[in-house]
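For reference, the structure is listed below as structure tokens.
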Amino acid sequence: TNISPDVPIAVFDSPATKVYYNTILVNGSYPNGIEYRFTRTTGVDIKNNLTDASIVARDGASGSVANNVTNAAASWFVNPAAGDLHLNQTAAVAIDKGVAVSVTDDFDGQTRPQGATSDIGADEYWPATTTSAPASPTNLILY
């Protein structure tokens with residue numbers, strides 16, 4: 001069986017649609033990561049998406065496309081082969097590069113931004129921190 005993939009995000013016949021903060025890796029299986037199509041698709045706003053494929057208007061669609069990264073590399077993510085698309089520190093072109101839109105958290109529910117500005121893509125990067133047990137209390141009095 002030959003499986004032919006289609007576009008990961010399709011905005012078809014859908015006016016005033018907002019497409020914000022998505023992460024898409026197609027690894028060459030389809031030329032576009034996001035497509036918006038047809039003449040009734042007007043006023044689309046596409047921002048802060050992280051993909052390794054193009055963002056394309058087709059068949060008379062119109063809208064605004066800004067502040068997206070379309071050349072993502074697998075090395076920018078924790079474990080893409082296993083589907084873990086959390087950002088790692090090598091994703092410098094996405095970290096703190098987002099523009100303000102009406103989204104206040106990432107796909108984990110983590111608040112945006114964690115740095116100076118939000119990150120491009122579905123994940124808001126937060127560097128791993130070493131945690132240790134809290135110090136034992138001193139001068140503790142129990143009644």
Side-chain angles (χ1 to χ4, degrees), residues 3-142:
I3 298 173
S4 298
D6 203 349
V7 66
I9 296 180
V11 181
F12 293 174
D13 207 18
S14 180
T17 300
K18 295 175 170 91
V19 182
Y20 299 152
Y21 291 115
N22 295 284
T23 298
I24 303 162
L25 285 181
V26 295
N27 297 313
S29 64
Y30 191 82
N32 304 322
I34 301 171
E35 292 180 359
Y36 52 113
R37 293 181 72 178
F38 308 119
T39 56
R40 284 185 19 132
T41 303
T42 59
V44 173
D45 194 25
I46 301 173
K47 290 186 176 110
N48 298 327
N49 297 286
L50 179 59
T51 179
D52 64 348
S54 299
I55 299 171
V56 176
R58 296 180 55 192
D59 304 315
S62 63
S64 172
V65 177
N67 212 61
N68 300 285
V69 174
T70 58
N71 64 342
S75 63
W76 298 357
F77 304 98
V78 171
N79 189 353
D84 187 346
L85 297 181
H86 287 91
L87 296 174
N88 66 40
Q89 63 191 15
T90 61
V93 300
I95 296 171
D96 290 342
K97 303 292 194 256
V99 294
V101 295
S102 60
V103 177
T104 58
D105 57 1
D106 74 356
F107 76 110
D108 292 318
Q110 186 173 353
T111 302
R112 289 182 186 269
Q114 291 292 322
T117 62
S118 65
D119 301 339
I120 294 174
D123 180 44
E124 185 70 12
Y125 175 74
W126 189 251
T129 56
T130 304
T131 57
S132 57
S136 298
T138 57
N139 299 322
L140 178 65
I141 300 172
L142 298 174

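Keep in mind that what you see is a predicted model, and the values were worked out from it rather than measured.
- For T111, the side-chain hydrogen bond (donor to acceptor under 3.5 Å, both in side chains) criterion is met by no residue, not counting sequence neighbours.
- For K47, the side chain to side chain contact (heavy atoms under 4.5 Å, CB included) partners at least two apart in sequence or on another chain are Y20, D45, A66, V99, V101.
- A heavy-atom distance below 4.5 Å is not found between the side chains of I24 and L50.
- When the side chain to side chain contact (heavy atoms under 4.5 Å, CB included) test is applied to A100, no partner is found at least two apart in sequence or on another chain.
- Of all non-hydrogen atoms in P8 and G33, the two that sit nearest each other are CD-O, 3.5 Å.
- Side-chain atoms of N22 do not come within 3.5 Å of backbone N or O of N49 as any donor-acceptor pair.
- In this structure, the side chain to side chain contact (heavy atoms under 4.5 Å, CB included) partners of P15, at least two apart in sequence or on a different chain, are T42.
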Practice problem: Please assess I120 against N67 for the test side-chain contact (heavy atoms from CB on, under 4.5 Å), listing each intermediate value before the final yes or no. | Solution: CA-CA 8 Å; I120 294 174; N67 212 61; 3.8 Å; yes

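- Identified under the salt bridge (charged side-chain N to carboxylate O under 4.0 Å, His left out) test for residues 20-37, with sequence neighbours left out: E35-R58, R37-D59.
- Side chain of N68 to backbone of I46: a donor-acceptor contact under 3.5 angstrom is found.
- Scored by the side chain to side chain contact (heavy atoms under 4.5 Å, CB included) test, A53 finds V26, T51 as partners (sequence neighbours excluded).
- Residue pairs satisfying the side chain to side chain donor-acceptor pair (under 3.5 Å) criterion with at least one member in residues 79-90, sequence neighbours excluded, are listed as follows: D84-H86, H86-D108, N88-T90.
- The two residues A91 and L87 make their nearest non-hydrogen contact at CB-CD2, 3.8 Å.
- Sorted by first and then second residue, the ring pair (Phe, Tyr, Trp, His ring centres under 6.0 Å) pairs with a member in residues 41-77 form an empty list; sequence neighbours excluded.
- Listed by first and then second residue, the salt bridge (charged side-chain N to carboxylate O under 4.0 Å, His left out) pairs that reach into residues 93-106 come to none, sequence neighbours excluded.
- Partners of Y30 according to the ring pair (Phe, Tyr, Trp, His ring centres under 6.0 Å) rule, which considers only residues two or more places apart in sequence or in another chain, do not exist here.
- Minimum interatomic distance between P113 and S118 (heavy atoms only, all atoms of both residues): CB-N, 3.3 Å.
- Not counting sequence neighbours, D123 has no partner by the side-chain hydrogen bond (donor to acceptor under 3.5 Å, both in side chains) test.
- Applying the salt bridge (charged side-chain N to carboxylate O under 4.0 Å, His left out) definition to pairs two or more places apart or across chains, those involving residues 109-122 are R112-E124.
- The CD atom of Q114 sits 11.5 Å away from the OH atom of Y125 when rounded to the nearest 0.5 Å.
- Within the model, atoms CG of L25 and OG1 of T23 stand 7.5 Å from one another, a figure rounded to the nearest 0.5 Å.
- Contact annotation: the side chain of T70 never approaches that of S54 to less than 4.5 Å [non-hydrogen atoms, C-beta and beyond].
- The closest side-chain heavy-atom distance from D52 to N27 is below 4.5 Å.
- Side-chain contact, S62 with Y36: no donor N or O sits under 3.5 Å from an acceptor N or O.
- Although no hydrogens or angles enter the test, the distance criterion places a donor-acceptor pair under 3.5 Å between the side chain of T17 and the main chain of S14.
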